[in-house]
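To start, the structure itself, in structure tokens.
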2 protein chains.
Amino acid sequence: MLQELTETRYGKHDYIFREGDPTEYFHIVKEGTVKCVKSTPEGKECTLKMLMPGDLFCCDAAAFDGASHPGSAQPMGDVSILRMKKKSYFEMLRRNPDAAMEVIKYLGNRLNEAQEKTKDLALDRADQRLASLLVDLAARNGIADPNGIRLTVRMTRQDMANMIGITTETTIRIMSKFKRDRLVSGTANRLLIRDLKGLKALASAS
Amino acid sequence: MLQELTETRYGKHDYIFREGDPTEYFHIVKEGTVKCVKSTPEGKECTLKMLMPGDLFCCDAAAFDGASHPGSAQPMGDVSILRMKKKSYFEMLRRNPDAAMEVIKYLGNRLNEAQEKTKDLALDRADQRLASLLVDLAARNGIADPNGIRLTVRMTRQDMANMIGITTETTIRIMSKFKRDRLVSGTANRLLIRDLKGLKALASAS
DNA sequence: CAATAAACATGACATATATCATGTTTATGA
DNA sequence: TCATAAACATGATATATGTCATGTTTATTG
């Protein structure tokens with residue numbers, strides 16, 4: 001069975017798949033970070049989710065039902081992806097109730113997250129959403145550092161903007177303010193969360 | 001097995017459950033419309049989804065994983081709800097791979113929808129989001145009418161506002177403009193979509 | 001039916017965020 | 001290492017939407 005699982009490596013300029021491509025495979029992140037992106041005809045982009053090792057996606061697990069990917073998947077730097085034919089994966093789930101239940105719980109959890117994000121977009125200000133994003137990434141992608149929590153994924157201001165539905169300029173302005181307030185420091189290559197509590201306070205001030 | 005499925009009726013001032021309540025049951029809408037709502041400490045509300053007959057929710061199906069409801073469920077008018085103990089439901093799924101696969105597809109579909117909504121909130125203007133909402137409701141809740149499509153669910157401007165993350169006043173202003181442009185007519189009790197194509201054009205002008 | 005509350009409507013004004021422009025710093029790759 | 005592009009930064013201005021205030025119309029209920 002396991003020979004159906006193949007591994008592929010991608011670099012930051014590749015696409016793992018594009019919006020509209022047929023959903024032939026299930027994907028699992030083995031190493032690195034992958035972003036799920038939807039874009040408009042005019043080139044505006046919205047990043048739905050950053051996927052870390054262990055996450056499955058297709059794209060963004062949304063295509064368990066559906067014939068084509070509702071968004072594209074792009075690596076953030078070098079990544080390694082495991083792939084399995086959708087048909088094989090479904091057969092495996094059908095034969096393995098425990099695995100199916102795990103997937104149900106995983107999807108429930110993902111739906112939950114998506115709805116939390118909906119609420120943030122609908123009700124929070126830009127600075128609160130950015131603070132939420134940084135808190136979330138600190139937990140999922142951060143490693144301890146003498147001065148706080150360092151994010152291992154390389155994220156530009158533009159990447160952040162796309163994740164919270166604001167412009168790059170606004171993100172830069174808010175990040176500059178966060179820097180002045182000693183909440184964060186550094187830029188894409190070395191982003192450091194200096195005051196997690198402060199960011200959490202801002203994020204939940206809704 | 002079926003004796004575990006109980007039916008309850010609710011009126012528009014009831015709660016089916018509240019945010020934070022333990023998730024003891026799975027719910028299915030039998031009759032009527034239910035809204036899933038998240039609210040902030042200051043009383044701002046965000047409606048995540050309108051559930052129609054056949055939809056399952058817990059709340060909003062997001063609690064397949066999780067001990068407490070991430071949002072509350074409120075009837076829009078009179079509704080009838082079917083309920084089953086969460087434990088029984090999980091056991092049933094474990095024994096019935098076809099049902100489990102159906103749930104996986106359903107959740108994938110719901111996640112997909114949620115992400116589409118995220119994109120709309122992040123990238124579209126208020127009038128486009130309102131047009132999207134009306135198009136969606138026309139398909140899911142509308143019945144043919146000599147002058148267009150009539151919505152059977154009673155929805156105030158405030159209800160709509162909560163669904164798309166804008167204020168009641170802005171919703172009223174946009175609806176007034178839609179009325180002037182002959183796209184819609186009527187108020188909560190008798191909402192009529194007069195020009196579906198026009199609304200679709202507006203909605204997808206992103 | 002009258003009394004009351006909810007929904008709808010609209011103006012004046014405030015403000016968060018977008019847009020456009022321009023410059024500096026930092027990273028990248030030949 | 002130099003040349004080029006990407007990322008970061010910041011000001012000026014525009015604009016969509018929020019906020020507050022006030023009035024009318026439409027439902028609801030005793």
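Order of the sequence lines sets the chain letters (A, B, ...), proteins ahead of strands, with each chain counted from 1.
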note: B:Gln158, atom CD; C:dA5, atom P; distance rounded to Å ~ 17 Å
Check your understanding: For A:Arg190, does the CZ atom sit with more than 12 other heavy atoms under 6.0 Å from it, leaving out its own atoms?
Key -> no
Students should find that the nucleotides of DNA chain D closing off the region near chain A, any atom under 4.0 angstrom from a heavy atom, are D:dA7 to D:dA12
What nitrogen or oxygen pairs link the protein and nucleotides 13-16 of chain C at under 3.5 Å?
none

Q) Any chance the side chains of B:Tyr15 and B:Asp21 put a donor and an acceptor closer than 3.5 Å? A) no
Quiz item: Side chains of A:Phe178 and A:Leu199: does their closest heavy-atom pair fall under 4.5 Å?
Solution: yes
Worked verdict on B:Thr171 versus B:Thr168 for side-chain hydrogen bond (donor to acceptor under 3.5 Å, both in side chains): CA-CA 5 Å; B:Thr171 305; B:Thr168 306; 6.0 Å; no
Against the side chain of B:Ser176, the closest entry in C:dT19, C:dT17, C:dT10 is C:dT10
**Message:** Applying side-chain contact (heavy atoms from CB on, under 4.5 Å) to B:His27 and B:Phe17, what does each step give before you reach the verdict?
**Reply:** CA-CA 10 Å; B:His27 303 77; B:Phe17 51 77; 3.5 Å; yes
Of A:Asn189 and A:Glu169, the one whose closest nucleotide on DNA chain C sits nearer the 5' end is A:Glu169
Note to self: Within the 4.5 Å heavy-atom criterion, are B:Lys30 and B:Pro53 side-chain neighbours or not?
What the structure shows: no
note: B:Arg180, atom CZ; C:dT10, atom C1'; distance rounded to Å ~ 10 Å
Check: A:Lys38 and A:Glu45 side chains under 4.5 Å, non-hydrogen atoms = no
Note: for A:Ile166 and A:Thr187 on DNA chain C, the residue whose nearest nucleotide lies more 5' is A:Ile166
Is it the case that C:dT19 (base atoms only) and A:Arg173 (side chain only) share a donor and an acceptor within less than 3.5 Å, ignoring hydrogens and angles?
yes
Donor-acceptor pair between A:Ser88 and A:Glu4 side chains, under 3.5 angstrom: yes
- Is the closest side-chain donor-acceptor distance between A:Ser185 and A:Lys179 under 3.5 Å? no
By nearest-heavy-atom nucleotide on DNA chain D, the more 5' of B:Gly165 and B:Arg154 is B:Gly165
Would you mind classifying the nucleic acid contact of B:Lys177 as base, sugar-phosphate or nothing, using non-hydrogen atoms under 4.0 angstrom? nothing
